[in-house]
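Okay, structure first, notes after.
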Amino acid sequence: MGSLSGYLSNSGAITWLVLLVLSAYFIATFWIFLYRYALIRSRLALESKSLSRLYMGRSESVLEASLLAGYLRQIGRISPEVLRAAVNDAVRSATRGLTQLSIMASTAPFVGLFGTVVGILEAFGRLGTQKSASLAVVAPAISEALVATAAGIFVAIFAYAFHLLLKRKAYELQSLLESEAEIILAQRDRKG
């Protein structure tokens with residue numbers, strides 16, 4: 001198989017377009033993951049600290065920087081409905097980008113397969129103009145066309161793995177927030 005530059009110079013416009021789309025998918029996958037992972041990780045650390053303080057009885061409410069604190073300030077009263085809404089909003093915010101990762105993970109192989117099919121069609125079109133079609137002529141053209149499928153699978157692996165990692169971190173955040181809400185409600189009921 002020739003070099004990447006040789007492959008690209010022999011490729012048609014559709015193959016170029018497919019590789020461009022897959023490159024955009026790849027960049028977007030990493031950008032979404034890195035941004036969201038850092039955000040959720042910092043929120044997990046903060047909410048974990050807030051929950052620890054509640055468990056130990058060092059505080060009657062969440063930390064000021066907690067995701068729940070803003071809701072409790074705005075509403076002015078503690079109720080299960082307010083806390084449930086706060087948890088749901090925080091989780092919705094934390095899971096932004098998961099849909100895009102899921103879409104990229106599921107469509108990248110098909111985009112790559114489309115590029116392969118078009119590449120094989122172009123290869124057979126070129127072979128039709130030649131007098132002999134030996135394996136030495138057919139094999140390089142088909143192997144070049146398969147690069148698009150490989151690129152699609154490569155992108156899908158990262159998008160799917162990152163989707164699952166972020167989904168798990170969002171679940172951890174939801175669990176922490178729900179635990180904080182339960183403790184706050186229990187403290188309220190004990191006082192009342």
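Along the sequence shown, residues carry numbers from 1.
The two residues S66 and S50 have their closest heavy-atom pair at CB-OG, 4.3 Å. The heavy-atom pair separating V18 from A148 by the smallest distance is CG1-CB, 4.2 Å. Scanning all heavy atoms of the two residues, the minimum distance from A159 to L101 falls at CB-O, 3.7 Å. Between T149 and L113, the closest heavy-atom pair is OG1-CA, 3.7 Å. L72 and I184 make their closest contact through CD1-CD1, 4.1 Å (heavy atoms, listed as atom of the first residue, atom of the second, distance). Among all heavy-atom pairs drawn from A145 and T116, the shortest one is O-OG1, 2.9 Å.
In the hydrophobic clustering (ILVMFWY side chains linked at under 4.5 Å, chained through shared members), L164 is joined by Y160.
Following chains of ILVMFWY side-chain contacts shorter than 4.5 Å, one can reach L173 starting from Y55, so the two form part of one hydrophobic cluster. I14 and L19 are not part of a single hydrophobic cluster, where members link through side-chain heavy atoms under 4.5 Å apart. When the side chains of ILVMFWY residues are joined at heavy-atom separations under 4.5 Å, either directly or via intervening members, F30 and Y25 end up in a single hydrophobic cluster. Both L176 and L185 are assigned to one and the same hydrophobic cluster, defined by single-linkage of ILVMFWY side chains at heavy-atom distances under 4.5 Å. A single hydrophobic cluster is seen to contain both L34 and I32, as judged by linkage of ILVMFWY side chains at heavy-atom distances under 4.5 Å, directly or through other members.
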Inset, instruction - I would like to know whether V117 and L121 meet side-chain contact (heavy atoms from CB on, under 4.5 Å); could you show each step before the answer? - result: CA-CA 6 Å; V117 169; L121 288 173; 4.2 Å; yes
Inset, instruction - Could you walk me through whether I78 and L83 pass the side-chain contact (heavy atoms from CB on, under 4.5 Å) test, one step at a time? - result: CA-CA 7 Å; I78 298 172; L83 290 171; 4.0 Å; yes
Inset, instruction - Report the C-alpha distance between L68 and V87 in whole Å, list the side-chain angles of each, state the deciding distance to 0.1 Å, and finish with yes or no for side-chain contact (heavy atoms from CB on, under 4.5 Å). - result: CA-CA 7 Å; L68 299 179; V87 169; 4.0 Å; yes
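In this structure a side-chain-to-backbone donor-acceptor pair under 3.5 Å is missing from S102 to L98.
In this structure, H163 NE2 and T29 OG1 are separated by 11.5 Å, a value rounded to the nearest 0.5 Å. Taking CD from E180 and OG from S52, the interatomic distance works out to 9.5 Å, rounded to the nearest 0.5 Å. Rounding to the nearest 0.5 Å gives a distance of 12.5 Å between OG1 of T15 and CG of L20. Put simply, CG on L177 and CZ on R84 are 14.0 Å apart, with the number rounded to the nearest 0.5 Å. The CZ atom of R36 sits 5.5 Å away from the OG atom of S93 when rounded to the nearest 0.5 Å. Atom CZ in F158 sits 5.0 Å away from atom CZ in F26 (nearest 0.5 Å).
Side-chain rings of F110 and F114 stay apart, their centers remaining 6.0 Å or farther from each other.
The residues K169 and E172 are annotated as salt-bridged, a charged nitrogen and a carboxylate oxygen being separated by less than 4.0 angstrom.
A parallel orientation is assigned to the rings of F33 and F162, their planes being inclined by less than 30° (bins at 30° and 60°).
The one candidate from V62, L51, L63 that meets the side-chain contact (heavy atoms from CB on, under 4.5 Å) condition with L46 is L63.
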